[in-house]
Amino acid sequence: MEAADVLRSNDIGTMVTAAPALYPHLWSWDAAFISIGLAHLGVERAGQELRTLLAAQWADGMIPHIVYGDRGGYFPGPGRWGTAELSASAPQAPLTSGICQPPVHAIAVGRILEVARRGSDEDRAAGEKLVLDSWESLYRWHAWLARYRDPEGTGLIAVVHGWESGMDNSPRWDRPYSAVVPGPDLPSYVRLDRELVRDGAERPTDVEYDRYLWLIEEMRRVSYDPVKVYETCSFLVADVLVSAIFAVASDVLADLGDEFGMPPAQVADLRAWAARSRAAVAASCSPETGLARDFDRRAGAWIDVETLAGFAPLICGGLDADAERALISTLHGPRWAGHPDLVAKVPPTVSPDSAGFKSREYWRGPQWPVVSWLFGWAHARHGHAAEAQRLRSETLELVGDGAFSEYYEPLTGEALGSRRQSWTAAVILDWLDY
Ligand code: 9WN
């Protein structure tokens with residue numbers, strides 16, 4: 001009931017904001033997870049959340065990472081991006097940011113359909129209508145990623161900003177960000193997040209923020225043209241977790257396409273993208289650690305930093321059975337989710353045994369319930385039922401304080417970041433209704 005209350009109280013009618021104060025707008029991958037939670041309260045409202053997001057899809061196919069509502073309260077706001085003035089592809093309304101986030105949306109549509117089919121006739125009809133109404137937009141979104149973020153057809157999808165990965169300040173990005181040098185003409189700005197999260201150690205640093213804002217300046221200068229962004233942006237990294245999500249989401253979308261009679265040529269595209277990305281994720285694995293790796297396209301080098309993203313092959317499959325079993329054991333073993341110092345056996349974003357582990361700092365160590373759900377969903381899909389159950393019960397334990405926090409301190413279980421974070425409540429609702 002409390003999880004449902006979080007979603008209802010964050011619902012401003014047109015959208016469920018990602019969080020009540022810190023994130024008072026709609027975020028792309030949050031909206032997908034939120035819609036899964038909403039499906040348990042009513043399939044129609046779940047579909048509406050995705051429709052709000054898809055209504056902001058750019059003409060070229062990109063789904064933007066933020067869709068702004070009419071309240072301010074977040075920096076950077078639409079004025080800082082200037083997408084409506086600068087890009088012919090961006091919508092004039094609603095206003096949006098100029099980058100994207102991980103493509104989890106087809107996963108959400110698939111899950112909503114499953115929930116809908118267990119409900120009333122109206123729920124079932126609403127779930128099926130959602131598939132029919134969203135399929136083409138999601139196909140265009142996947143086509144945009146394949147075309148503009150993997151122009152050489154490697155299978156690894158690139159991000160041009162840490163925000164695009166959803167794991168903004170992960171240590172994965174430290175080296176690529178060290179090559180992002182803000183110019184003296186970076187317009188001044190005031191962070192609002194630091195007013196709302198008082199403990200600075202829980203948020204990215206000011207040095208990191210300067211780089212985040214500088215990348216926006218670089219993109220403004222090429223009017224968000226996706227070809228030029230790829231060519232000129234000083235941050236360009238092939239993201240192995242985004243690629244794995246892209247692969248499995250393409251599988252889900254292709255299966256829905258077959259079932260709902262969508263054009264065979266488009267379904268074939270999705271299957272080809274899925275196969276290519278799955279193979280590329282598997283091929284990225286480090287011979288030493290077995291973990292998948294990002295590739296810094298600007299530096300031309302693999303990023304050998306050990307983080308939770310290294311388990312990307314468990315999201316999309318594609319390893320041989322022995323390698324997959326070994327990776328599962330590592331994820332649930334004593335270096336990661338089974339680390340003896342953790343309060344709950346939920347994967348931390350960085351292992352406590354890593355030099356870069358920071359127990360309170362955002363994507364540098366804390367446990368994120370939504371990421372745990374994603375691994376749990378993938379475990380169930382790929383036949384690892386016991387591990388899926390463990391993630392569910394351990395994450396429910398972690399969030400048992402009812403704060404529905406954005407992230408948790410792994411060694412103490414302390415709630416960190418925003419409270420009443422929508423996607424945390426949403427995945428808990430889904431898990432309670434399994
Ligand atoms: C920047 C909304 C978003 C999530 C991201 C998370 C955080 C924003 C921020 O909040 O990012 O996009 O201001 O820190 O890192 O994954 O989508 O919940």
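In each ligand, atom 1 is the first atom listed, and ligand 1 is the first ligand listed. All values derive from a computational prediction rather than experimental measurement.
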Practice problem: Please identify which atoms of ligand 1 are closer than 4.0 Å to at least one heavy atom of H65. | Solution: 12 (O)

Exercise. Answer yes or no: is there an ion pair linking R420 with D5, defined by an N-O contact shorter than 4.0 Å?
Key: yes

Quiz item: To which protein heavy atom is atom 10 (O) of ligand 1 closest, and what is the distance rounded to 0.1 Å?
Solution: Y23 CZ, 3.2 Å

Quiz prompt | ligand 1 atoms in contact with R203 (distance to a heavy atom under 4.0 Å) | solution = 9 (C), 13 (O), 14 (O)

Exercise. Could you tell me whether the side chains of S234 and E218 share a donor-acceptor contact shorter than 3.5 Å?
Key: yes

Practice problem: Pick out which of E394, H332, Q367 makes a side-chain contact (heavy atoms from CB on, under 4.5 Å) with K345. | Solution: E394

Self-check item: Nearest non-hydrogen protein atom, atom 11 (O) of ligand 1
Solution: D168 OD2, 2.9 Å

Exercise. Say whether W368, considering both its backbone and side-chain N or O atoms, lies within less than 3.5 Å of an N or O atom on ligand 1.
Key: no

Quiz item: Among protein heavy atoms, which lies nearest atom 14 (O) of ligand 1, and at what distance?
Solution: Y362 OH, 2.4 Å

Quiz item: With only distance considered, is Q101 within less than 3.5 Å of ligand 1 through an N or O on each side?
Solution: yes

Quiz item: Do we see a donor-acceptor contact under 3.5 Å between the side chains of S372 and T395?
Solution: yes

Quiz item: For atom 1 (C) of ligand 1, what is the nearest protein heavy atom, given as residue, atom name and distance?
Solution: Y74 OH, 3.3 Å

Quiz item: So, S97 and W163: side-chain donor and acceptor under 3.5 Å apart, yes or no?
Solution: no

Practice problem: Using a strict 4.0 Å cut-off to heavy atoms of W423, name the atoms of ligand 1 that fall inside it. | Solution: 4 (C), 16 (O), 17 (O)

Quiz item: How about Y139 and D269: does a side-chain donor come under 3.5 Å of a side-chain acceptor?
Solution: yes

Quiz prompt | Under 4.0 Å to a heavy atom of Q421 - the qualifying atoms of ligand 1, by number | solution = 18 (O)

Quiz prompt | For atom 16 (O) of ligand 1, closest protein heavy-atom neighbour | solution = G166 O, 2.6 Å

Quiz item: Counting both backbone and side chain atoms, is some N or O of D30 under 3.5 Å from an N or O of ligand 1?
Solution: yes

Quiz prompt | Side-chain ion pair, R364 and D174, N-O less than 4.0 Å | solution = yes

Self-check item: From CZ (F295) to CD1 (I303), nearest 0.5 Å
Solution: 9.0 Å

Practice problem: Salt-bridge test for R140 and E136: reply yes if a basic N is under 4.0 Å from a carboxylate O, no otherwise. | Solution: no

Quiz item: Has ligand 1 got any nitrogen or oxygen that is less than 3.5 angstrom from a nitrogen or oxygen of M167?
Solution: no

